[in-house]
Amino acid sequence: MQVDDAATALRQAMVTALRDEGLITTHRVAAAMNAVPRHDFAPGEPLEKVYQTNTTLVPKIDGQGRQTSVVSASHIQAIQLEQADVGPGMKVLEIGSGGYNAALIAEIVGPTGSVTTVDIDADIVDRARAGLHRAGYEQVNVVLADAEHGVAAYAPYDRIIVTVGAWDIPPAWLDQLTPNGRIVVPLRFAGITRLVAFDRAPGRSVLAASNYRLGSFVPMQGDGAASEQLIPVTPDVGLRLDQDSALTFDVPALRKALHTKPVERWSGTPFDMPDELELYLLTSGPEMPLIHAAQAAIDQGVVNRTVRIGTPTLVRGGTLAYRIKRENPQTVSGYETGVIAHGPDAEQVSGELLAMIRAWAGGYYRRGAAHIIYHPHTGDTSGLTGWHTTKRHGVLAVTWP
């Protein structure tokens, strides 16, 4: 089979899989992903790898071994394009370049629209420009710049699609967005990232989320960069916090607690949609860090395996509690949510966390239950109630009505 024929067959299979998973829901996104030769943006990679739905490509690694740029997995790109609701004739700004996603957007906006893609890294800009040339999308504007400031030369934009993890929404993005525009951004808050589609609220300066999804992205560089706090409890277990958190911990007491026999309790509620439960726990009550652990701590039985990828943790003095799961065929998901607590007040703290889990299961057990609003600093936020966090350029509020 010729390379082009093999690539076409694999591309069609990729689109079919994304449709079957419910990640592609519109004809225009399916048509774009069927049209753009993804392999032109990952030269040297095996075709089978290029067209897998969950595989990132051609990562750039910095001196500390961290990924600073990737061509995102196709399932993430499908989600973002569906969230953005891009249409023919639109002007679109992509923040964080790789080339492939810009080509997909160019397919959708067509000859009457325009696409600008910007990146702070000259190597990535060169790679994107080369891929767009190979694939035949040279009409895309490829810009080397710090995306914190947008790209005013081609503004205003009907859509701004951010493909790097952002800690805030800079004023330039709002200034360069049309009155009815939409920003799709992987926004970092409370120690997690959610891929949020924000629209301007009619008659107001705020941005209101029309939908949000789980997503993981390399962090933004340049003026918009932000860091996190990681507080080691043991060499293999740590607590992660947002950069502006003022929480403090009795680390010696927590270290001691982790090596005592834990209390384990079960909620009777299904373990399902853990990303929604995670968002609820982090934005509906007391501030919580996320507990992370190396595999060694799990193998040694210090913490449960659910800690490996991070999970919200309720800390009270020298006691901590976090959610776990077990098989339970009597729940709708086949699994049940529970709590493990370590420390002298394990019964009390586990009960507090268990009550929060049951509250979520009783009132918010569905997708999209949270209301997410971004208030630029140009507006009045003095009357905000509920969970909110102050960022450089605005205040993010999450409520559970």
Show every salt bridge (charged side-chain N to carboxylate O under 4.0 Å, His left out) that has at least one partner inside [range], sequence neighbours left out.
| range | result |
| --- | --- |
| residues 174-196 | R182-D199, R188-E228, R194-E278 |
| residues 314-324 | R316-E352 |
| residues 247-256 | none |

Might you confirm whether atom CZ of R305 has over 12 heavy atoms from other residues, nucleotides or ligands at distances under 6.0 Å?
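Result for CZ/R305: open.
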Going by the rule side chain to side chain donor-acceptor pair (under 3.5 Å), which residues pair with [X] if we only count those two or more places apart in sequence or in a different chain?
| X | value |
| --- | --- |
| S114 | none |
| S350 | R265 |
| N141 | T116 |
| T306 | N304 |

Test ring-ring contact (aromatic ring centres under 6.0 Å, His included) applied to Y212 - qualifying residues, sequence neighbours left out:
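ring-ring contact (aromatic ring centres under 6.0 Å, His included) check on Y212 returns nothing, list empty.
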How would you list, by chain and number, every residue that makes a ring-ring contact (aromatic ring centres under 6.0 Å, His included) with Y374, sequence neighbours excluded?
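Testing Y374 for ring-ring contact (aromatic ring centres under 6.0 Å, His included), a comparison that skips the adjacent residues, returns none.
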What residues form a side chain to side chain contact (heavy atoms under 4.5 Å, CB included) with A145, not counting sequence neighbours?
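So A145 forms a side chain to side chain contact (heavy atoms under 4.5 Å, CB included) with V118, V143.
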Which side chain to side chain donor-acceptor pair (under 3.5 Å) pairs, counting each pair once, include a residue from residues 389-398, with sequence neighbours left out?
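Pairs touching residues 389-398 that pass the test: E148-H393.
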Under 3.5 Å, which donor-acceptor pairs link side chains of residues 288-302 to any protein atom two or more places apart or in another chain?
{"residue": "H292", "atom": "NE2", "partner": "R240", "partner atom": "NH1", "Å": "2.4"}
{"residue": "Q295", "atom": "NE2", "partner": "D299", "partner atom": "OD1", "Å": "2.9"}

